[in-house]
Asks: 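Take this structure, written in structure tokens, and hold onto it; I'll ask about it next.
We count ligands from 1, going down the list as the structure has it; atoms in each ligand are counted the same way. In what follows, residues are counted from 1 in the order of the sequence shown.
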Amino acid sequence: MDLIIRRAAIQGSEGLHDIGIRGDRIDVLTPHLGERAPVELDAAGSLVTPSLVETHIHLDAVLTVGQPRHNRTGSLFEGIEIWGERIKTLTHEDVKQRATTALKWMLAHGVTHVRTHVDVCDPNLTALGALLEVREDVRDAITIQIVAFPQQGIYSFPDGEQLMIRALEMGADVVGGIPHYEWTREYGERDVRTVLRLAAEYDRPADLHCDETDDDQSRFLELVAAETVRLGLQGRVTASHTTAMHSYNNAYAYRLIRWIRKAGVHIITNPLDNSVLQGRFDNYPIRRGFTRVKELLANGINVCIGHDSIMDPWYPLGVGDPLQGCFVMVHYGQMSGRDELEMMLDLVTSRAAACFGADDYGLGAGKRADLVVFDAPTAVDAVRTMAARRWVISRGRVVAETQPARSTVRWNGRDEAVRFVL
Ligand code: FE2
């Protein structure tokens with residue numbers, strides 16, 4: 001063995017396990033492994049899971065908060081205005097440097113797979129060129145998928161369709177779209193049809209920003225599902241945000257959810273951004289503007305959680321930790337039931353990996369050794385305490401390490417350690 005993790009708690013398994021890693025693969029999971037390895041990590045009863053998968057981030061916009069000015073209202077529309085100013089100063093090095101910093105933050109939090117959107121409504125495709133280089137630079141530790149994302153619309157921006165094709169020819173991995181943002185409903189329908197036609201022609205997955213609005217008349221997801229079935233793309237298509245589903249009437253939502261299941265469309269919800277951006281046109285009561293996560297999961301649809309933004313004009317917070325999305329999801333989606341809490345981590349691990357199409361992912365012999373050791377005994381504790389990622393392993397190598405904070409209280413004249421777990 002090259003690396004052994006000892007005394008690991010594993011979701012769904014009784015007792016503790018040793019995990020033996022040879023090269024970049026998990027070789028064996030067993031209650032006690034007799035042999036030794038040059039690197040041995042003692043999990044000491046803490047949770048070990050497959051690494052985290054970030055399915056929705058905009059690396060071209062990360063870490064631009066306050067540039068050239070802060071978003072005073074916090075609204076989507078002021079964010080778009082500010083981004084319109086910032087984008088004028090976008091350079092190759094600027095994008096590379098910010099994206100790389102954000103990726104380091106994510107890696108420290110256990111993320112080894114990242115799907116990033118990149119705005120291709122730019123005749124120079126500056127950000128795409130930069131992120132293609134970053135994808136290669138980090139390949140040993142992080143697998144990146146780049147989505148060709150037409151931020152201003154495929155048909156509402158000059159030569160939008162040609163820019164999408166150029167982005168795919170240059171090496172973008174995934175076809176993006178934004179039907180609800182196109183100037184007209186007709187353009188939006190063309191957007192969906194083009195995205196899925198390109199996905200079929202170029203044999204790439206598709207991931208559309210879809211119905212990210214509180215407008216209950218925004219209904220492009222039904223066309224995404226229908227075109228997915230017509231073109232035989234089941235399992236290869238993702239709809240991100242789908243916040244309008246919150247506002248649909250129940251009869252329509254019921255019909256739509258059956259359609260999504262039939263089409264095998266993955267849904268990505270982005271609790272951090274959408275909790276602050278949606279409902280901005282409402283007087284009280286203010287809608288939450290979230291897709292119907294509980295109902296989608298109950299109907300056998302794959303749902304995962306994305307971060308969306310880290311410190312950009314739309315969302316000024318974030319440290320690149322998918323667990324923050326899980327924590328907000330519990331609250332905003334009212335998913336505090338015991339079973340819901342226990343599966344929340346799956347929305348950034350196994351379910352996210354299914355959306356990503358990650359090969360060899362999981363905790364089993366023969367799978368690639370992409371693992372996280374949490375400083376917490378269970379998945380619920382990990383989300384509750386936003387537990388430090390003690391070690392992160394990618395392709396069988398330790399790629400990040402965190403010393404957890406340790407608290408002490410002075411209690412009856414003595415120092416006493418406090419650990420926040422039962
Ligand atoms: Fe997004």
Side-chain angles (χ1 to χ4, degrees), residues 53-65 71 74-77 79-80 82-84 86-87 95 98-99 102 106 111 114-121 127-128 131 144-154 164 167 172-182 188 191-192 195 205-214 218 220-221 224 237-246 265-278 280 289-291 293 303-318 320 322 324-325 328-329 347-348 352 355-356:
V53 177
E54 175 54 66
T55 50
H56 191 116
I57 190 93
H58 294 257
L59 284 178
D60 50 351
V62 292
L63 313 186
T64 58
V65 68
N71 186 335
S75 73
L76 173 70
F77 301 93
I80 290 171
I82 294 170
W83 182 241
R86 177 60 175 82
I87 207 166
V95 174
R98 288 184 289 99
M106 286 190 255
V111 176
V114 174
R115 176 178 286 181
T116 177
H117 294 258
V118 56
D119 184 1
V120 297
C121 291
L128 175 64
L131 289 181
I144 293 188
Q145 289 179 350
I146 296 174
V147 187
F149 171 52
Q151 172 91 63
Q152 297 179 60
I154 299 175
M164 289 291 291
D173 305 276
V174 182
V175 190
I178 189 161
H180 60 277
Y181 197 76
E182 300 276 6
D191 180 305
V192 171
V195 170
D207 187 337
L208 303 89
H209 282 64
C210 193
D211 303 319
E212 187 185 4
T213 165
D214 297 317
S218 183
F220 294 103
L221 183 50
V224 170
V237 175
T238 298
S240 287
H241 297 286
T242 67
T243 52
M245 202 187 302
H246 186 90
V265 171
H266 306 275
I267 302 289
I268 297 175
T269 187
N270 297 287
L272 299 172
D273 279 57
N274 288 129
S275 61
V276 296
L277 295 176
Q278 301 312 122
R280 289 276 179 162
F290 241 39
T291 199
V293 174
V303 181
C304 43
I305 290 174
H307 201 304
D308 207 8
S309 296
I310 305 172
M311 300 182 76
D312 71 12
W314 297 279
Y315 185 73
L317 307 179
Q324 290 195 335
V328 171
M329 184 74 237
L347 273 68
V348 294
C355 171
F356 193 90

Asks: Under 3.5 Å, side chain of D211 to main-chain N/O of F220, donor-acceptor pair present?
Replies: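 Flag set: sc D211 to bb F220 pair under 3.5 Å.
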Asks: How about H180 and H241: are their ring centroids closer than 6.0 Å?
Replies: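 That pair fails the under 6.0 Å test.
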Asks: Could you check whether the rings of Y315 and H307 sit parallel, tilted or perpendicular, using 30° and 60° as the cut-offs?
Replies: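 Rings of Y315 and H307: perpendicular, as their planes differ by over 60°.
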Asks: Test your reading of the model: is there a side-chain donor-acceptor pair from Q278 to the backbone of R280, 3.5 Å cut-off?
Replies: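 Looks like no, no N/O pair under 3.5 Å.
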Asks: Name the orientation class of the two ring planes belonging to H117 and H58 (parallel below 30°, tilted from 30 to 60°, perpendicular beyond 60°).
Replies: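 Ring orientation of H117 relative to H58: parallel.
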Asks: Tell me how many protein N, O or S atoms are within a distance shorter than 2.8 Å of the Fe ion (ligand 1).
Replies: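 Counting protein N, O and S atoms closer than 2.8 Å to the Fe ion (ligand 1) gives 4.
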Asks: Examine distances only and state if a side-chain atom of H266 and a backbone atom of T238 form a donor-acceptor pair shorter than 3.5 Å.
Replies: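 No, the answer is negative, given that no donor and acceptor are paired below the 3.5 Å cut-off.
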